Each structure stands twice: as C-alpha cells, then as structure tokens.
Amino acid sequence: MKRELHKRNTPISRLIRDYTNKESGRVSESKVEIKRRFEHLDWKDQKRIVSAFLDSCRSDREWMYVRLLDLWDDCFAPRIAELWEQHHEERCAWVVIRHLPEDYIISQLDSFSNDRDYYFVCRRLAHRSDFCIDRERLSPVDHLAVLVHAGRSFSGSSALDMLYTLVNEECNTDFLHASYWKLKDNADVFHAMHIPQVSKALYYLRKAEHTDVVDEFEHWNDRVVAKILESPEYKEVRSEPLSYDDYLYRLRSIGRYYLYQELDSKYKTTELYKNTEPQVTDAYRMDVLKRMRKNNSSIDDLIESLSLELVN
C-alpha cells in the first residue's frame, strides 16, 4: 500500500506575506495557519506577526492582545498605547494595565471602564506610596486582596467587620438560583465557609498572617453550625423524603437563617428572617416547575394539552 505523504509546511515568511497582502486571496487561510504555529515560532517571526495582527481588524487585534499578556516586549508599547487611545478595547486595557509604564496607567485612570479594570490597576500600582486606592471602586474582598498583595497594613477589627458584613450580604441576597454549594456528605450543612466571598477573604487573611481574625471568625461559625445541627428545622429536613435539589434549598435556607440570627445587630441591614423556608416567589415557582419538567417529560405534554402559556 502506498503511504500518504504529509503536506509540507508553507514557509512562515510566505504566510505572513499572504496574510498582510489583502489582495492575495489567502488571508483567512494564512491566518489560521499562523495562529496554529504562533507559539512555536522564532521570536523574530513572532514579532512580525504581532505587528501584523495589531495592524489588522479588531478580531485579530483581540486575539493578539491575549498573547501579549505573557509574550511581551517593550518595543510593542508605543503601538499598544496608540491602539488604546484610538479604540479603548477591553482586551487592550488588559495589556496596558499589565505592561505599560506606571505613569501612563495613572494618566489613563479615567479611561478604564470595565468591571475589573480598576482592581488590576490597583494590583499594579498599590506598591506606590503616592497611589491612593479608591475603596468605593473595589468590592470588599478585592480591596483586601490589593492590600495583601501590596503589603499594606490593615487592622484586624476592620477585617473581622468585613467578614461579618459579607455574611449579612449573603443572607440578604436572592439565592434561588445559586448553585455554588453542593453537599460534601450527608451530615453537611450550609455555613459561612461555603460563601465564596468569605472563603476568598479568609484566604487573603491567612496569607497576611491575620490568624487571630481567622480563628475568631471560625469559632463563631462553629457555634452557628452547632446550633444548626441541634435546630428543629434541620432535624425535620433530615427526616423528610426530599429530592436532592429541594434538600439543598432547605439546608441553604436554614443555614442562612441561623447565620443571620447569630450576627451582631450592627451588621444586620434588614429585619430578621421570619422563617427558614425559601420565599415562594414567582421566580421560585418557575424554578421548581423547570426542575419538574426536566425530571418528568409528561408535564410538558400536560402544559401543551391545556394550552398553558408560561411567563418567565
């Protein structure tokens, strides 16, 4: 049997030439091949491709911005600054914040408008004594992360206040569609350590060696868990034949209720929970119906036969 010969690679110089020549008829074909080979090319060829892509259309520029986060040379700085001031593209902002001179970043502060831009600006500049962090532009955990990364000091009392404030926020946020918590075992209950923002904050506090704050908060959480395990609501849920999803809903509701009850009044922003059941809102009903339809296809047949119209 005759062996099939592999197609020889087109020289990269030819691909670059065909890509930059919009009349070549091979722009798209060359671009695909350039992208496939890019990471394994010599630096001299990579530099040519960087320049070519930055001079091309938006999608090609955006593809290259991502590569420039880790493949950087100061020779690209003037072109990146020019593109930033011309287009203010989101991915270009990533490159500007990570690589351009600090004084340039400061001059552009008002131009960074994406949600996480200011956080990364602070990560880059917080080491400077002349850089004032605008706390209002950061979430509590992002502010803590910036302080820790920059080696700036903060009080244990303010950190503890933040942890309890995060618990309060969790307890007063709609949780019907939250899916971040799953049972680890049959004896698991929902508590403060399951709140993502709390877990992140504790990570940074350990990194900053605020072990006294972490220990105090963990002891508080242990007391809440003990109350949950002894609560009549928890014992009732454990005895009921519930589906996995309904069991999660109930445990999360009970956990939030007892977390909120055990907060000091200065951290509470609303009236105390009246019950430990999920609120029966339209959103809750729709979510329950969605799960029922997923588990029982005959429900869709019933909806169709009755000509019911579901409103999301």
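As the structure is a computational prediction, the values presented were derived from the model and not from experiment.
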Checklist entry - Should the heavy atoms of other residues, nucleotides or ligands under 6.0 Å from OH of Tyr203 be counted, would the total exceed 12? => result no
Checklist entry - Out of Arg91, Glu89, Glu90, which residue meets the side-chain hydrogen bond (donor to acceptor under 3.5 Å, both in side chains) rule with Tyr65? => result Glu89
Item to check | Nearest atoms (heavy-atom pairs only) where Leu259 meets His191 | outcome: CD1-C, 3.9 Å
Item to check | Residue pair Ala126 / Ile133: nearest heavy atoms and the distance that separates them | outcome: CB-CD1, 4.2 Å
Checklist entry - Which is it for Arg123 and Tyr119 under the side chain to side chain donor-acceptor pair (under 3.5 Å) test, yes or no, and what are the steps along the way? => result CA-CA 6 Å; Arg123 286 283 300 269; Tyr119 167 71; 2.8 Å; yes
Checklist entry - Under a 4.0 Å N-O cut-off, is there an ion pair linking Lys31 with Asp60? => result yes
Checklist entry - If you draw a 6.0 Å radius around NZ in Lys35, do more than 12 non-hydrogen atoms from other residues or ligands fall strictly inside? => result yes
Checklist entry - Of Glu102, Arg152, His149, which is the lone residue that meets side-chain hydrogen bond (donor to acceptor under 3.5 Å, both in side chains) with His127? => result Glu102
Checklist entry - How are the rings of Trp63 and Phe53 set relative to one another: parallel (under 30°), tilted (30 to 60°) or perpendicular (over 60°)? => result tilted
Item to check | Asp215 backbone acceptor or donor facing His219 side chain under 3.5 Å | outcome: yes
Checklist entry - Below 4.5 Å, heavy atoms only, C-beta onward: do Leu138 and Cys122 meet side chain to side chain? => result yes
Checklist outcome for this item: The reported gap from CZ in Arg26 to CZ in Arg17 (rounded to nearest 0.5 angstrom) is 9.0 Å
Next on the checklist: Are more than 12 heavy atoms, taken from residues, nucleotides or ligands other than Glu240, located less than 6.0 Å from that residue's CD atom?
Outcome noted: yes
Item to check | Close side-chain approach of Arg223 to Glu262, heavy-atom, < 4.5 Å | outcome: no
Checklist entry - When you look at CG of Asp115, are more than 12 heavy atoms from neighbouring residues, nucleotides or ligands closer to it than 6.0 Å? => result no
Checklist outcome for this item: d(Leu100 CG, Ser107 OG) to nearest 0.5 Å is 9.0 Å
Checklist entry - Is any side-chain N of the basic residue among Arg61 and Asp55 closer than 4.0 Å to the acidic one's carboxylate O? => result no
Item to check | Phe131 and Tyr118 aromatic ring geometry - parallel, tilted or perpendicular at 30°/60° bounds | outcome: tilted
Item to check | Residue pair Arg37 / Thr10: nearest heavy atoms and the distance that separates them | outcome: NH2-O, 2.7 Å
Checklist entry - Between His143 and Phe154, does the ring centroid distance fall short of 6.0 Å? => result no
Checklist entry - Got Arg48 and Ser13 here, is their nearest side-chain heavy-atom distance under 4.5 Å? => result yes
Item to check | Within 6.0 Å of CG in Asp110, more than 12 heavy atoms from elsewhere | outcome: no
Checklist entry - When you look at CD of Gln86, are more than 12 heavy atoms from neighbouring residues, nucleotides or ligands closer to it than 6.0 Å? => result yes
Next on the checklist: Check whether Asp264 reaches the backbone of Lys266 with its side chain - one donor and one acceptor, N or O, closer than 3.5 Å.
Outcome noted: yes
Checklist entry - Is it true that Glu29 and Arg14 make a salt bridge, defined as a side-chain N closer than 4.0 Å to a carboxylate O? => result no
Checklist entry - So how far is it from Met162 CE to Gln197 CD, rounded to the nearest 0.5 Å? => result 9.0 Å
Item to check | Residue pair Asp70, Arg98: steps toward the salt bridge (Lys or Arg N to Asp or Glu O under 4.0 Å) verdict | outcome: CA-CA 10 Å; Asp70 299 314; Arg98 180 175 292 190; 3.3 Å; yes
Next on the checklist: For a salt bridge (Lys or Arg N to Asp or Glu O under 4.0 Å) check, start with the C-alpha distance between Arg128 and Asp103, then their side-chain angles and the critical distance, and finish with the verdict.
Outcome noted: CA-CA 11 Å; Arg128 295 172 57 133; Asp103 289 341; 3.3 Å; yes
Checklist outcome for this item: Separation between CG (Leu54) and CD (Glu82), nearest 0.5 Å, reads 10.0 Å
Next on the checklist: Please give me the minimum heavy-atom distance between Asp117 and Ile97, naming the atom from each residue.
Outcome noted: O-CD1, 3.7 Å
Next on the checklist: Whether Arg116 and Asp142 form a salt bridge (side-chain N of Lys/Arg under 4.0 Å from carboxylate O of Asp/Glu) is what I want to check.
Outcome noted: yes
Checklist entry - Taking all non-hydrogen atoms of both residues, which atom of Ala192 and which atom of Trp220 are closest, and how far apart? => result CB-CZ3, 4.3 Å
Checklist entry - With distance as the sole test, does Ser199 use its side chain to make a donor-acceptor pair with the main-chain N or O of Met193 at under 3.5 Å? => result yes
Checklist outcome for this item: Between Tyr258 and the options Leu263, Leu229, Ile228, the side chain to side chain contact (heavy atoms under 4.5 Å, CB included) test singles out Ile228
Next on the checklist: side chain to side chain donor-acceptor pair (under 3.5 Å), that's the test. Do Tyr19 and Ser56 meet it? Break it down for me.
Outcome noted: CA-CA 10 Å; Tyr19 169 76; Ser56 189; 3.1 Å; yes
Item to check | Close side-chain approach of Tyr249 and Tyr244, heavy atoms under 4.5 Å | outcome: no
Checklist entry - Roughly how far apart are Arg250 CZ and Ser243 OG, rounded to 0.5 Å? => result 11.0 Å
Item to check | Contact check, side chains of Gln46 and Leu71, non-hydrogen atoms, under 4.5 Å | outcome: yes
Item to check | Point-to-point distance, once rounded to the nearest 0.5 Å, from CZ of Phe217 to OH of Tyr164 | outcome: 6.5 Å
Checklist entry - Minimum heavy-atom separation for Arg124 to Val96, with atom names? => result NH1-O, 4.2 Å
